[in-house]
Participant: 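Please read through the structure below; I'll follow up with questions.
The chains referred to below are lettered A, B, ... by the order of the sequence lines, with proteins before strands, and numbering in each begins at 1. Atoms considered below: every heavy atom in the structure, side chains included; atoms not considered: hydrogens, waters and symmetry mates.
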Protein chains: 2
Amino acid sequence: MRKTTGQVDTDIFAAIAHPVRRQILDTLLQGDMTVTALSAPFDVSRSAISQHLGILMDSGLVSMEKRGREHYYQLRPDNLNEIARWIGQYEHFWQQKLDALGDYLDEMAAQDEQEKS
Amino acid sequence: MRKTTGQVDTDIFAAIAHPVRRQILDTLLQGDMTVTALSAPFDVSRSAISQHLGILMDSGLVSMEKRGREHYYQLRPDNLNEIARWIGQYEHFWQQKLDALGDYLDEMAAQDEQEKS
DNA sequence: AGTATACGTGAGCTATTGCTAACGTGTCAA
DNA sequence: TTGACACGTTAGCAATAGCTCACGTATACT
């Protein structure tokens with residue numbers, strides 16, 4: 001069942017796990033696009049792309065707007081913040097490691113200095 | 001087959017797609033840990049955790065060091081930069097949207113000002 | 001009206017994923 | 001040495017993912 005509320009009901013990490021879905025998102029960076037236009041670069045059927053778009057809709061990463069008989073898909077990247085925040089933890093961790101390395105190197109330099117005297 | 005070189009041979013996006021694997025990484029933020037210690041909070045078998053750790057190894061997100069009969073797994077988060085860079089595109093896109101909105105609002109304000117005179 | 005286009009959806013199939021259970025190997029302890 | 005422990009690996013199974021094909025529906029064109 002597809003969502004009727006504004007709520008996201010599929011895991012956003014799983015949504016970006018598939019390379020085709022990531023490439024769809026990358027393409028949408030250039031602007032809104034229809035399904036057939038999006039399907040063109042891929043060697044899978046338009047139906048498959050449509051299903052991928054359904055998953056991206058469920059995860060809230062894209063939205064759709066009907067314009068005549070064409071469905072224009074639009075990037076809605078604010079939900080990627082969840083991933084950015086998750087990764088942020090690790091950048092913090094990485095920074096701590098660098099700081100520790102820096103302290104270590106400083107300490108070694110201080111020891112070298114002391115040995116010289 | 002598992003890697004023998006330092007090369008990453010599995011998709012890092014797929015590696016972090018599974019909630020259990022993300023929780024393993026989150027746990028490793030607190031420091032190196034053995035397999036049984038990592039398995040404790042989960043309701044799946046130690047074997048399953050071991051297989052998840054294998055995938056995380058393949059993606060280069062963790063490394064392992066044998067200490068006696070215990071295998072200590074260690075966080076190796078530098079590969080997450082690939083994802084951070086990918087997301088960075090969208091933050092840029094989002095910023096552009098905000099700038100455009102700002103310009104639009106400025107324009108509307110200018111029109112208001114003109115109408116008053 | 002009839003036809004073509006743009007699209008979603010469902011059935012059905014295959015490949016992959018995630019898991020448990022059972023085993024084998026190396027390490028510590030008595 | 002014998003047993004317990006920590007772990008990896010494999011087979012085998014169920015569940016899911018991803019795909020194509022066929023269909024139905026809504027819009028546009030003539």
Participant: Between dC19(D), dC28(C), dA6(C), which nucleotide has the shortest distance from any of its atoms to the side chain of R69(A)?
Facilitator: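 When the side chain of R69(A) is considered, dA6(C) is the closest of dC19(D), dC28(C), dA6(C).
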
Participant: Using a 4.0 Å heavy-atom cut-off across all strands, classify R21(A) as base, sugar-phosphate, or nothing.
Facilitator: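 The residue R21(A) makes sugar-phosphate contact but no base contact.
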
Participant: Would you check, one step at a time, whether the test side chain to side chain contact (heavy atoms under 4.5 Å, CB included) holds for W86(A) with I16(B)?
Facilitator: CA-CA 11 Å; W86(A) 183 75; I16(B) 65 164; 4.0 Å; yes

Participant: Can you check whether S50(A) has a side-chain N or O nearer than 4.0 Å to OP1 or OP2 of dC7(C)?
Facilitator: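 False: S50(A) side-chain N/O out of range (4.0 Å or more) of dC7(C) OP1/OP2.
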
Participant: Could you tell me whether the side chain of S50(A) and the main chain of R46(A) form a donor-acceptor pair under 3.5 Å?
Facilitator: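 No, because the side chain of S50(A) does not come within donor-acceptor range (under 3.5 Å) of the backbone of R46(A).
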
Participant: Check the pair E70(B) / Y72(B) against side chain to side chain donor-acceptor pair (under 3.5 Å), numbers first and verdict last.
Facilitator: CA-CA 6 Å; E70(B) 296 176 320; Y72(B) 279 83; 3.1 Å; yes

Participant: Does dG8(C) have OP1 or OP2 under 4.0 Å away from a side-chain N or O of Y73(A)?
Facilitator: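 It does, given that an N or O in the side chain of Y73(A) lies less than 4.0 Å from OP1 or OP2 of dG8(C).
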
Participant: Please state whether the phosphate of dG8(D), meaning OP1 or OP2, lies under 4.0 angstrom from any side-chain nitrogen or oxygen of H71(B).
Facilitator: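 Checking dG8(D) against H71(B), a side-chain N or O does come within under 4.0 Å of OP1 or OP2.
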
Participant: Please compare M64(B) and S45(A) by the position of their nearest nucleotide in DNA chain D and report the one closer to 5'.
Facilitator: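 Going by which nucleotide is closer to the 5' end, it is M64(B).
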
Participant: Just how far, in rounded Å, is P of dA6(C) from CZ of R67(A)?
Facilitator: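 Between P of dA6(C) and CZ of R67(A): 15 Å.
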
Participant: Counting just side-chain N and O atoms, does S47(B) come under 4.0 Å of either OP1 or OP2 of dA22(C)?
Facilitator: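 Checking dA22(C) against S47(B), no side-chain N or O comes under 4.0 Å of OP1 or OP2.
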
Participant: If only atom types and distance count, is the side chain of R21(A) paired as donor or acceptor with the main-chain N or O of A14(A) below 3.5 Å?
Facilitator: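 Answer holds: yes.
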
Participant: Which nucleotide sits closest to the side chain of E70(B): dG18(D), dA6(D), dG8(C)?
Facilitator: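 Closest nucleotide to the E70(B) side chain: dA6(D).
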
Participant: So, does the side chain of Q51(B) form a donor-acceptor pair with the base of dT17(C) at under 3.5 Å?
Facilitator: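 Looking at the base of dT17(C), it does not pair with any donor or acceptor on the side chain of Q51(B) (distance under 3.5 Å).
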
